[in-house]
There are 2 protein chains.
Amino acid sequence: MDSRTKLMLAAIDRMAERGYKGVSTKEIAAAAGVSEMTLFRQFGSKMNLLEKAIERYHYAAEMTQVFEERLTWNLREDLLLIGRMYHETMDRNRKLFLIVLGDNELAGLREQAQKHPRKLLELLTGYFTEMRSRGKLIETDAEAQAIAFMWLHYGAFLSRLFAPSSITSLPFSEVMESSVELFARGLTP
Amino acid sequence: MDSRTKLMLAAIDRMAERGYKGVSTKEIAAAAGVSEMTLFRQFGSKMNLLEKAIERYHYAAEMTQVFEERLTWNLREDLLLIGRMYHETMDRNRKLFLIVLGDNELAGLREQAQKHPRKLLELLTGYFTEMRSRGKLIETDAEAQAIAFMWLHYGAFLSRLFAPSSITSLPFSEVMESSVELFARGLTP
DNA sequence: TTGGAATGTTAGTGATCACTAACTATCTTC
DNA sequence: GAAGATAGTTAGTGATCACTAACATTCCAA
């Protein structure tokens, strides 16, 4: 593993724990087992190190493919699949989310981190529209319901992100299944 | 307005914008129109200033009262009322949320900020249980559905908090009504 | 009018920060 | 084995940070 890699991984780890401002370049270098000079020689600045790290380690989910190939047009099955895909994507980018959400001056970098949710919203809206034209969904505002679905899962993700000790004792999967059931009953004719 | 008040308000404003670490005591004092010495004489430390500010300006919603007096036992009406109450509470505490969520070292202070969501979850679970015993709700896990409702609104709140320019063009109220409709259809026998 | 509390001013502490200069050591590669 | 790239070491820049000491001022209540 070369110096650049070690530095980027160390930066992500530390910044996810204590924030961009909360970690010094000296500490990142030490955690990477590398001299601080190497950090500046490779990246020029602390901010650039973070940018390059996000660029490289932002997990790029291929959601389009899932929507094209794995849907069954059974609302329950599909929503469960989509929900799982959402959380897998978000979990993989967990640390990056923590970093960019934790510092308002990093708002510019949020663009990248929120690319997938936006894409998913688009795909999900299309899915609901198609389901309605197949007569498997009630007449409703497809985009509004897609956003509701996204919000529910976004809230679930962030509540776990910010409060490791959950507000409830219920297992995550159980709430997830209840919510799928809710959408299925609520949107099926 | 005395010095303490001016300092606490200035601290909340600045910290909500640029984070706890992003604002200096000198800047807070200047924004309050007060000398930096006054800050330390009144609060002793930067952290204590924030703690006292949260203590004093955390909006304490009286949700129990709403649940006792304003419910109509019409699912649609009640969920709309509860959703509105949730967002009003969260909006009032918006800045405090931004501060404590933005800095992981402030995790201890999150307790206070998350008191209301926890209380609301409890009340909502009770409401769903009562509705079921009145035969107005399907057989379902009341707590799981309450959490789903909370997550949906938590996600809505945070997505507005972190991304002022929304991911969608739909007005907030419209999604809110769609989601109430979703719950009403999904949970009514 | 006077005493005391609150506030301001100024100058400073030592620590830490991001970042740099200058020089040396270790590699690989031809 | 020389060249060139990559790394480490050391020492430092100037800035900013939270926080303090010492002294001067303002202002209100008794």
Side-chain angles (χ1 to χ4, degrees), chain A residues 1-57 95-96 98-100 102-109, chain B residues 1-57 95-96 98-100 102-109:
Chain A
M1 207 162 61
D2 67 348
S3 299
R4 284 182 73 89
T5 304
K6 287 190 285 189
L7 281 165
M8 288 189 278
L9 291 177
I12 289 176
D13 270 349
R14 306 280 153 158
M15 288 180 184
E17 289 230 337
R18 309 217 304 282
Y20 178 79
K21 292 191 186 70
V23 188
S24 71
T25 50
K26 183 175 297 201
E27 189 189 339
I28 294 170
V34 137
S35 102
E36 194 184 4
M37 270 310 299
T38 299
L39 188 161
F40 285 102
R41 274 197 275 248
Q42 291 287 347
F43 296 98
S45 73
K46 186 185 181 184
M47 183 57 81
N48 187 250
L49 164 60
L50 174 60
E51 283 172 18
K52 290 299 178 319
I54 290 180
E55 205 172 284
R56 172 145 152 201
Y57 289 102
K95 290 177 183 172
L96 301 185
L98 268 175
I99 298 171
V100 302
D103 199 315
N104 226 351
E105 287 167 38
L106 270 40
L109 298 178
Chain B
M1 206 163 60
D2 68 349
S3 299
R4 284 182 72 89
T5 304
K6 286 189 285 188
L7 281 165
M8 288 188 279
L9 291 177
I12 289 177
D13 270 349
R14 306 279 154 159
M15 287 180 185
E17 289 230 338
R18 308 217 305 283
Y20 178 79
K21 293 191 185 71
V23 188
S24 71
T25 51
K26 183 175 295 200
E27 189 189 339
I28 294 170
V34 138
S35 101
E36 195 183 2
M37 272 309 300
T38 300
L39 188 161
F40 285 102
R41 274 197 274 249
Q42 291 286 347
F43 297 97
S45 72
K46 186 186 181 183
M47 182 57 78
N48 187 251
L49 164 59
L50 174 59
E51 282 172 19
K52 292 296 178 322
I54 290 180
E55 204 172 287
R56 173 146 153 201
Y57 289 103
K95 289 176 184 173
L96 301 185
L98 268 176
I99 297 172
V100 301
D103 199 314
N104 226 351
E105 287 167 38
L106 270 41
L109 298 178

[N] [atom2] sits how many Å from [X] [atom1], rounded?
X: A/Lys46; N: C/dT20; atom1: NZ; atom2: P; answer: 14 Å
X: B/Asp2; N: D/dC28; atom1: CG; atom2: P; answer: 14 Å
X: B/Glu105; N: D/dA18; atom1: CD; atom2: C1'; answer: 14 Å
X: A/Phe40; N: D/dG12; atom1: CZ; atom2: P; answer: 18 Å
X: B/Phe43; N: D/dA18; atom1: CZ; atom2: P; answer: 15 Å
X: B/Met15; N: D/dA18; atom1: CE; atom2: P; answer: 9 Å
X: B/Lys21; N: C/dA18; atom1: NZ; atom2: P; answer: 12 Å
X: B/Met1; N: C/dA6; atom1: CE; atom2: C1'; answer: 17 Å

Any [X] side-chain nitrogen or oxygen under 4.0 Å from OP1 or OP2 of [N]:
X: B/Ser24; N: D/dT16; value: no
X: B/Ser35; N: C/dT9; value: no
X: A/Ser3; N: D/dT6; value: no
X: A/Gln42; N: D/dT6; value: no

For [X], which contact category applies under a 4.0 Å heavy-atom criterion: base, sugar-phosphate, or nothing?
X: A/Glu27; answer: nothing
X: B/Thr38; answer: sugar-phosphate
X: B/Glu36; answer: base

Quick one: are B/Gln42 and B/Lys52 in side-chain contact, heavy atoms under 4.5 Å?
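The answer is no, as the side chains (C-beta and beyond) never meet within the 4.5 Å cut-off.
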
Looking only at atom types and distance, does a side-chain atom of B/Tyr20 sit under 3.5 Å from a main-chain N or O of B/Met47, one as donor and one as acceptor?
yes

Main chain of B/Val23, side chain of B/Lys46: is a donor-acceptor contact present, judged purely on distance under 3.5 Å?
yes

Pick out which of B/Arg14, B/Arg56, B/Met1 makes a side chain to side chain contact (heavy atoms under 4.5 Å, CB included) with B/Leu9.
B/Met1

I want to confirm an ordering. Mapping B/Met37 and A/Val34 to their closest nucleotides on DNA chain D, which one lands closer to the 5' end?
A/Val34

Within 6.0 Å of CD in A/Glu27, more than 12 heavy atoms from elsewhere:
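More than 12 heavy atoms, drawn from other residues, nucleotides or ligands, come within 6.0 Å of this atom.
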
If you find the nucleotide of DNA chain C closest to A/Arg41 and the one closest to A/Val23, which residue's nucleotide is nearer the 5' end?
A/Val23

